[in-house]
Amino acid sequence: MSVRTRFAPSPTGFLHIGGLRTALFCWLYARRHGGRFVLRIEDTDLERSTEAAIQQILDGMEWAGLVADEGPFYQTRRFDRYREVIDELLAEGKAYRCYCTKEELDALRAEQLARGEKPRYDGRWRDRTDARPGVQPVVRFKNPTGGEVVVEDVVHGRVVFQNAELDDLIIARSDGSPTYNFCVVVDDMDMNVTHVIRGDDHLNNTPRQQNMLVALGRKPPVYAHLPMILGADGAKLSKRHGAVSVLQYRDEGYLPEALLNYLVRLGWSHGDQEIFSIEEMVRAFDITDVNKSASAFNAEKLAWLNQQHMMRAEPRRLVEPLRWQLQQLGIACDDDAHLEAIALAQRERAKTLKEMAANSLFFFQPPADYDEKAVRKHITVESIAMLAEAAARLDRLDGWDAALIHAVVNEVATAAGAALGKLAQPLRLAVCGGTVSPPIDATLALLGREESLRRIERALARWRA
RNA sequence: GCUCCCUUCGUCUAGAGGCCUAGGACACGGCCCUCUCAAGGCUGUAACACCGGUUCGAAUCCGGUAGGGAGCGCCA
C-alpha cells in the first residue's frame, strides 16, 4: 500500500513551530515515498475551535508550502460516520453505556488519588445492561483487561504498555458527540493513513488507539512519535517563550525554506549538512533517522540559516517580501528590478528581510541627518576637497555603473595620496547618512547619478559651512 | 502518586564496543581578507548527567540513581 501521512491540528490556537515541524515531517515523508499527505482539522471541541484559527493554520501551511494532497477534512462534518461506528461497537459488545455521573467519577478519582493510585475508571458499568433513568449515558470502549499492548514506534522503538494500566475511555459524550481519541482512530482508518507521525505527547494515547483499531478489525499504522520542541530556555514552548504563529516569522522577514530548514534539523540530521533546499530535504529525509530527545529552539541559528537562504535564493524571490517589508516602513516601490538589485546588494548584510528593508531606506530617501560621530571622524578639509573632485568627475562620467564609479573613486583618492577608505567613507556618509552600506561603487550605482550627485552636493554644502 | 518517554560542547547534532586525543554547525573569542558593515577563509574555548557492572577495550551494551518531559478529562 502506498504511503499516506496526515497532519491533524486542532484549531484551538495558532499554528506554531511545533505543529509546523510535525506537518513538515509528514509532508517530507509522503513526498519522499511518493505518497499522499492529508490534512485533517480536528475541530470536535466546539467550545474552543474557531474559524479564525482554521484560516490561520491554512494560511501558515500555504506560506510554508506544505500543500496537502487531500483535505482539509473536518471532523465536525463526520459526526454521522462516528455515530455509525459507535453503534457498531455497541452492537458487537465492544463498547457499552456508562451511566456514571460526573460527581461519581470525581469521587472515584479522588479516592484513587488518595490511595496513591493512578486515577482511572473502574469499569463499573462494563457488564451492566440496565439503564439509569434521568442520566444521559456516555459510551465507553471496552479496553482489554489483561495482557500488553506493544507499540512499535519508528523513533522510540518498542514501547510496551500493560492493558491493566488503561481504562475504558469515553468514546461518546452524554450528548452523543464523539471524543478525540475515538475520532482519530476512525479517521485514520477511513483515510487509510499508513504512517501516523505526530508529537510524542501522544505516545501515551497510542495504546488505546491501537486497541480500538484492533477492535475495529484493522491493523495499526506505523507510528512515529517526534520529540518536542522546547523554548530557548529549555522549558516547554509557551506563549511567553517562542510559541508564536508561523505567520509571525513571515512578518519578521524569514523565508519559509529557511524556517523549514531550521525545523528539519531539530531532531534530524544528514551527515554534516546544515543547509538544505526543499528538494534536498525531500531527498535526504528519513523518519527512521529522527532523534528521541527534545530540542530547544535557537533563534540565532534560525537567523543564520535565513541569511544563508537569502544568499542562495533566486534574487527574484526576494522582491515581494522585501517590497512588503518596505511598505511597513512607509516606502512604496513598484520597480521590481530595482528591488531585486537592492536585495542582491544587501543580502549578505542582513539576517532577515525586515532588517534588509530597514538597512535600505537610504535607497529611497535622502538621509535626514548625518551620523555625527562619523562626520567628526571622516569629514576634513582634505576629504571635502576629494568629495568635490569626485563629484565633478562623476558628473562627467560617460555611463553609470559600479566599475566606472569605482575607477573614479580610486583615481581621486590615489591622486590625493589617500587610501580608498579616506574617500569611500565620506562618500558613504554623504549619500547614506551613516557608515554602513554595500560597497560604495555599488551603492552609488544603485542610487543613480542624479540622486548621488544631489546628495553629495547637499552634504558638501552642509559640511563646508 | 502511578504509567510511559528522554539525557554527548551554552544550543542543534555526528557517533551502531576499538576509526574518539569525541567530529560538524550556530553562538562566542582571535587572525586573515577589506572602502564601511557584512559575507568568506583559517583558528581557539567548550560536551559523553552520575554510580556500578559486562568486556582485553564502552559515549556506544546491561542495571541503578539523579534530573527533565508527557500522559493519567464527558480537552485535543
Side-chain angles (χ1 to χ4, degrees), chain A residues 8-12 42-45 47-49 75 98 100-102 105-106 109 112-120 136-140 151 153 156-157 159-162 164-167 169-175 177 179-181 183-184 199-207 225 227-228 230 232 234-236 262 265-275 291-305 307-308 311 346-351 359 374 378 406 409-410 413 419-429 432 434-441 443:
Chain A
S10 61
T12 52
E42 309 216 321
D43 54 353
T44 52
D45 185 348
E47 301 281 301
R48 298 195 299 149
S49 297
Q75 291 188 322
C98 165
C100 283
T101 61
K102 283 182 185 169
L105 294 174
D106 287 345
R109 210 184 331 268
Q112 289 166 327
L113 245 16
R115 269 184 264 128
E117 286 170 18
K118 176 177 181 170
R120 51 171 157 344
Q136 281 298 315
V138 298
V139 178
R140 288 183 184 270
V151 176
D153 191 274
H156 289 274
V159 184
V160 181
F161 297 85
Q162 296 302 316
E165 291 294 332
L166 273 24
D167 63 0
L169 77 158
I170 293 172
I171 59 177
R173 304 182 182 95
S174 42
D175 66 2
S177 64
T179 59
Y180 167 78
N181 273 111
C183 295
V184 167
D200 66 12
D201 47 339
H202 287 289
L203 187 53
N204 285 300
N205 286 330
T206 309
H225 286 94
M228 304 272 89
L230 309 174
K236 192 185 172 188
Y262 177 71
R265 283 284 291 97
L266 253 31
W268 178 81
S269 64
H270 183 67
D272 285 340
Q273 188 171 351
E274 294 290 348
I275 299 165
N291 277 174
K292 300 174 184 192
S293 50
S295 38
F297 184 81
N298 186 285
E300 278 94 35
K301 186 150 184 185
L302 203 213
W304 174 77
L305 272 169
Q307 178 166 40
Q308 294 299 317
M311 292 192 296
Q346 293 276 238
R347 62 182 176 177
E348 62 236 14
R349 65 203 92 239
K351 299 281 193 198
N359 293 344
H378 297 290
H406 184 81
V409 176
N410 217 359
L420 184 56
K422 294 287 182 204
L423 174 53
Q425 281 302 74
L427 266 174
R428 191 162 356 243
L429 216 34
C432 310
T435 56
V436 176
S437 88
I440 194 62
D441 47 3
T443 301

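Owing to the predicted nature of the structure, the values given are computational and were not obtained by experimental measurement. Here is how names work: the chains are called A, B, and so on, in the same order as the sequence lines, proteins then strands, and each is numbered from 1.
Looking at the side chain of A:His156, the nearest of the listed nucleotides B:U36, B:C6, B:U3 is B:C6. Closest to the A:Glu165 side chain, of the nucleotides B:A25, B:A76, B:U3, is B:U3. Side chain of A:Asn181, nearest nucleotide from B:C37, B:A76, B:U36: B:A76. Side-chain proximity of A:Met311 to B:A39, B:G1, B:C35: nearest is B:A39. Closest to the side chain of A:Leu420, out of B:C35, B:C5, B:C4, is B:C35.
Contact check, A:Gln308 against B:G40: a side-chain N or O comes under 4.0 Å of OP1 or OP2. Proximity of A:Lys351 to the phosphate of B:A39: a side-chain N or O atom is located under 4.0 Å from OP1 or OP2. The side chain of A:His202 contributes no N or O atom lying less than 4.0 Å from OP1 or OP2 of B:A76. Using a 4.0 Å cut-off, no side-chain N or O of A:Gln112 falls inside it from OP1 or OP2 of B:G1.
Within the 3.5 Å criterion, the main-chain N or O of A:Arg265 finds no donor-acceptor partner in the side chain of A:Ser269. Although no hydrogens or angles enter the test, the distance criterion places a donor-acceptor pair under 3.5 Å between the side chain of A:Thr179 and the main chain of A:Ile170. No donor-acceptor distance shorter than 3.5 angstrom exists from the side chain of A:Thr12 to the backbone of A:Ser49, with no hydrogens or angles considered. A donor-acceptor pair under 3.5 Å is formed between the side chain of A:Gln273 and the backbone N or O of A:Ile275. Between the A:Gln307 side chain and the A:Ala350 main chain, a donor and an acceptor come within less than 3.5 Å of each other. Side chain of A:Arg120 to main chain of A:Arg109: no donor-acceptor pair is present (N/O by atom type, distance under 3.5 Å, no hydrogens or angles). Using a distance-only test at 3.5 Å, with no hydrogens or angles considered, no donor-acceptor pair links the side chain of A:Tyr262 to the main chain of A:Ala303. Within the 3.5 Å criterion, the main-chain N or O of A:Gln75 finds a donor-acceptor partner in the side chain of A:Asp43. Listed for the A:Asn291 side chain is no donor-acceptor partner under 3.5 Å among the backbone atoms of A:Ser293.
Nucleotide B:G17: unpaired (no Watson-Crick or G-U wobble partner with both distances less than 3.5 Å). In this entry B:U55 has no Watson-Crick or G-U wobble partner, no candidate having both defining distances under 3.5 Å. The partner of B:C35, taking Watson-Crick or G-U wobble pairs whose two distances both stay under 3.5 Å, does not exist in any strand shown. When both pairing distances are held under 3.5 Å, B:U60 makes no Watson-Crick or G-U pair with any nucleotide shown. Pair assignment for B:A22 gives none, since no Watson-Crick or G-U wobble pairing has each distance under 3.5 Å. Across every strand in view, B:U65 sits in a pair with B:A49 that passes the Watson-Crick or G-U test at under 3.5 angstrom. Base pairing annotation: B:U3 forms a Watson-Crick or G-U wobble pair with B:A70, both donor-acceptor distances under 3.5 Å. B:C42 and B:G30 make up a base pair, with Watson-Crick or G-U wobble contacts both under 3.5 Å.
Judged by distance alone, with hydrogens and angles left aside, A:Ser174 brings a side-chain donor or acceptor within reach of the base of B:C74, the pair sitting under 3.5 Å. Side-chain N/O atoms of A:Asp45 and base N/O atoms of B:A76 include no donor-acceptor pair closer than 3.5 Å.
Comparing the C1' positions of B:U8 and B:G68 gives a spacing of 16 Å, expressed to the nearest Å. Nucleotides B:C6 and B:C26 are separated by 23 Å at their C1' atoms, to the nearest Å. Spacing between B:C62 and B:G17 at atom P, rounded to whole Å, works out to 12 Å. Of the P atoms belonging to B:A47 and B:C12, the separation is 16 Å, rounded to the nearest Å. Comparing B:A25 with B:U7, their P atoms sit 24 Å apart, to the nearest whole Å. Here, B:G29 and B:C72 have their C1' atoms 49 Å apart, quoted to the whole Å. As rounded to the nearest Å, B:G23 and B:G15 have P atoms that lie 15 Å from one another. Taking atom P on both B:C51 and B:A66, the two are 15 Å apart, rounded to the nearest angstrom.
Summary of the strand contacts: A:Lys102 and A:Pro438 both lie near RNA chain B, and taking for each the nucleotide with the nearest heavy atom, the more 5' one is attributed to A:Pro438. For the pair A:Trp304 and A:Cys100, nearest-nucleotide mapping onto RNA chain B gives the more 5' position to A:Trp304.
Rounded to an integer number of Å, the gap from NE2 of A:His225 to C1' of B:C4 is 11 Å. One interatomic measurement links the two molecules: CZ of A:Arg115 to P of B:U3, which rounds to 16 Å at whole-angstrom precision. Regarding A:Phe161, its CZ atom lies at a distance of 9 Å from the C1' atom of B:G71, rounded to whole Å. A:Arg109 places its CZ atom 6 Å from the P atom of B:C74, with the value rounded to the nearest Å. Spacing between atom CD1 of A:Ile275 and atom C1' of B:G24 amounts to 12 Å, rounded to whole angstrom units.
Looking at heavy-atom distances under 4.0 Å, A:Ser177 makes no contact with the nucleic acid at all. As judged by a 4.0 angstrom heavy-atom cut-off over every strand, A:Asn410 is placed among residues making no nucleic acid contact. Within 4.0 Å (heavy atoms only), A:Val138 reaches at least one base atom of the nucleic acid. Among the protein residues, A:Asn205 comes within range of the nucleic acid bases, having at least one heavy atom under 4.0 Å from a base atom.
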N/O to N/O distances under 3.5 Å, protein versus nucleotides 7-17 of chain B:
{"from": "B:C12", "atom 1": "OP1", "to": "A:Ala296", "atom 2": "N", "distance (Å)": "2.8"}
{"from": "B:C12", "atom 1": "O2'", "to": "A:Arg265", "atom 2": "O", "distance (Å)": "2.8"}
{"from": "B:U13", "atom 1": "OP1", "to": "A:Gly267", "atom 2": "N", "distance (Å)": "2.2"}
{"from": "B:U13", "atom 1": "O3'", "to": "A:Ser269", "atom 2": "OG", "distance (Å)": "3.2"}
{"from": "B:U13", "atom 1": "O2'", "to": "A:Ser269", "atom 2": "OG", "distance (Å)": "3.4"}
{"from": "B:A14", "atom 1": "OP1", "to": "A:Ser269", "atom 2": "OG", "distance (Å)": "3.3"}

List the steps, then state whether side chain to side chain donor-acceptor pair (under 3.5 Å) holds for A:Asp200 with A:His225. CA-CA 4 Å; A:Asp200 66 12; A:His225 286 94; over 6 Å; no
